[in-house]
Amino acid sequence: MLKLFKTRSLRFWVALGMILAVAPLTFSAIFGYVVLNRGVIAAFHDVSERQRTELGPLQDLRILVWDTLVPIDEHINEGGSQRPLLYRELRGRIETGFAQVRAQFSNDPQALIHLDNATESWATADTHATELTAETVAADDPEAERKARLFHGHIAAVSDRLGQAYAVIAGAVQADYDNAVGWSESATIIFAVSLGLSLLAMIGGVALVGLIMSRSVDRLVDGAARFASGDRHHRIDISVPPELSRVAQEFNRMIARIEASETALADLARVDELTQLHNRRAFDEALARAHASYLRGSGSATLVTLDIDHFKQINDTHGHAAGDAVLRAFANTVRKSLRTSDQLYRIGGEEFAIILSQTEPEMAIDLANRIREAVAAQPIAYRDQDIAITISLGLASLADGANPAEIVEAADAALYRAKSCGRNRVVYGSAS
């Protein structure tokens, strides 16, 4: 036997030496593969699955519940048979959503309590909505408005209780995620030990494997830490080994779903329900960005405030439903007159604002007059009549030394002068 070994070539010994050197790594790789699959991959997969089957549907259900406000409010304001049909369609989807979510929460009694409370609030809200849609509602009907307020209140309660259920499930998902991170760190230690043993026999090969594994695991742990600290835009890029690449892919999908849910909620808080324009909150944020950009030397910008002339008379003469129709049609007319870089906001009842980026005062005045003329030239059709409207506009440029509040104040002052001088005109003011 000894003679047989002596006759083996260098290739054999090199191969044998490599086998002996790789043996600890092979053993640890097998063990680590089990740890990764059971402790990390399976756990992250469970987190991703719960995001898809529990948190996602729950968030979708919450948005659907808010969507029911639109057909009910439009039915009260405008009447017609289409809104009740739309509401009944939404109700069917919501009831199906409740059933599906309840099936997913069967193993979580705490979440079921919040879900049951949300179901009860939805049943009460649906009762009010059914009563409202079952009859023809006259304009300014106090009983209908009372029921509508009750419906709004119960819808808010449904959303809050669904949010509580969401928080319970999100906490459980976070706990599973933390457990998976713990397993990931344990796997890192196992691989580090095995690499150290292999280095004694084959430094070069093990060093390469160690570099690959170290970078991959570090990226995974770093991505987990950044996610835990609130960074929703970070994505983990791992190509090897495939196990950790799969973990990174599942992790990235989970982050994308959470980011999409948070973005949807943030967008809802920045959109005016009637006109679908950005609201005052979005306007304040955009003006602050434009002002900061101006201070960095990115070019001039102009703020335009708009007000529909004698809007109260429209409500008094034609009713609030007509006023709502005027606001929607007016918003569409102004949007068509704007450039793609400009944005229209509804900042009050009949008060609107436009931020004109990269626009000098002379160009802004010309654009404001075109908007004014376009609105005056296009009466708004409502039922069997045309409602002609005009608007007054106040302008102010972003000036050195003026903060956003002072710029808004200057534009409002210019708007006041436009209305005082007879309305249906453009007045430019200075914020400096």
Side-chain angles (χ1 to χ4, degrees), residues 46 48-137 141 143-173 254 257-258 260-269 271 273-274 276:
D46 179 65
S48 177
E49 184 67 14
R50 295 193 70 178
Q51 169 68 25
R52 183 183 67 83
T53 61
E54 297 180 22
L55 294 181
L58 188 59
Q59 191 60 46
D60 293 341
L61 177 59
R62 197 176 181 187
I63 293 174
L64 274 177
V65 168
W66 279 113
D67 287 344
T68 59
L69 296 177
V70 176
I72 295 301
D73 289 347
E74 289 183 350
H75 177 68
I76 294 174
N77 294 330
E78 303 176 17
S81 60
Q82 295 300 317
R83 279 78 178 187
L85 292 176
L86 176 58
Y87 171 76
R88 284 192 285 272
E89 178 189 350
L90 289 172
R91 178 179 60 189
R93 293 169 60 189
I94 289 171
E95 291 174 353
T96 300
F98 269 111
Q100 293 174 345
V101 170
R102 185 177 182 81
Q104 294 295 335
F105 290 179
S106 59
N107 295 325
D108 197 323
Q110 187 178 359
L112 277 177
I113 293 174
H114 297 304
L115 184 62
D116 290 340
N117 292 336
T119 304
E120 292 176 3
S121 297
W122 165 249
T124 304
D126 181 54
T127 298
H128 293 298
T130 301
E131 293 174 359
L132 287 170
T133 57
E135 56 189 21
T136 302
V137 179
D141 183 351
E143 179 61 19
E145 292 178 355
R146 185 187 68 83
K147 292 179 180 179
R149 287 194 297 271
L150 289 174
F151 176 73
H152 276 250
H154 287 297
I155 288 299
V158 173
S159 178
D160 290 342
R161 287 161 179 171
L162 288 176
Q164 292 169 353
Y166 184 97
V168 171
I169 299 301
V173 171
M254 179 186 68
R257 293 190 186 101
I258 293 175
S261 298
E262 292 176 345
T263 300
L265 288 176
D267 289 343
L268 284 176
V271 174
E273 184 177 343
L274 177 64
Q276 296 303 302

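Rounded to the nearest 0.5 Å, atoms CD1 (I63) and CG (L58) are 10.5 Å apart. Annotation: the span from E95 atom CD to L64 atom CG amounts to 12.0 Å, rounded to 0.5 Å. Note that CG of L115 and CZ of R161 are 11.5 Å apart. Values are rounded to the nearest 0.5 Å. Note: Q59 CD to L55 CG = 8.5 Å, rounded to the nearest 0.5 Å. Rounding to the nearest 0.5 Å places CD1 of I72 at 5.0 Å from CZ of F151.
Put simply, the side chain of E273 reaches to within 4.5 Å of the side chain of L69, judged on heavy atoms. Counting heavy atoms from C-beta outward, H128 and T124 have side chains that approach closer than 4.5 Å. Counting heavy atoms from C-beta on, the side chains of R62 and S159 come closer than 4.5 Å.
Residues S121 and H154 come closest through the heavy atom pair O-CB, 3.9 Å. Contact record, R52 with P57: O-CD, 3.0 Å, taken as the closest heavy-atom pair. In this structure, P71 and L90 approach most closely via the heavy-atom pair CG-CD1, 4.0 Å. In this structure, A111 and I169 approach most closely via the heavy-atom pair CB-CD1, 3.8 Å.
In Q110, the CD atom is not crowded: 12 or fewer heavy atoms of neighbouring residues, nucleotides or ligands sit closer than 6.0 Å.
With sequence neighbours left out, the ring pair (Phe, Tyr, Trp, His ring centres under 6.0 Å) criterion links H114 to no other residue. Judged as a salt bridge (Lys or Arg N to Asp or Glu O under 4.0 Å), and not counting sequence neighbours, R93 has no contacts.
Here R102 pairs with D116 in a salt bridge; the nearest charged N to carboxylate O distance falls below 4.0 Å.
In summary, the side chains of D67 and Y87 do not present any donor paired with an acceptor at a separation below 3.5 Å, with no hydrogens or angles considered.
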- prompt: Step by step, would you call W122 with N117 a side-chain contact (heavy atoms from CB on, under 4.5 Å)?
  reply: CA-CA 9 Å; W122 165 249; N117 292 336; over 6 Å; no

- request: With side-chain contact (heavy atoms from CB on, under 4.5 Å) as the test, would you mind laying out the steps for Y166 and L61 before giving the verdict?
  value: CA-CA 11 Å; Y166 184 97; L61 177 59; over 6 Å; no

task: Decide yes or no on side-chain contact (heavy atoms from CB on, under 4.5 Å) for L85 and R83, but give the supporting numbers first.
output: CA-CA 5 Å; L85 292 176; R83 279 78 178 187; over 6 Å; no

task: Would you sort out whether R91 and T130 count as a side-chain contact (heavy atoms from CB on, under 4.5 Å), showing the intermediate values?
output: CA-CA 10 Å; R91 178 179 60 189; T130 301; 3.3 Å; yes

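The closest donor-acceptor contact from the side chain of T127 to the backbone of A123 lies under 3.5 Å.
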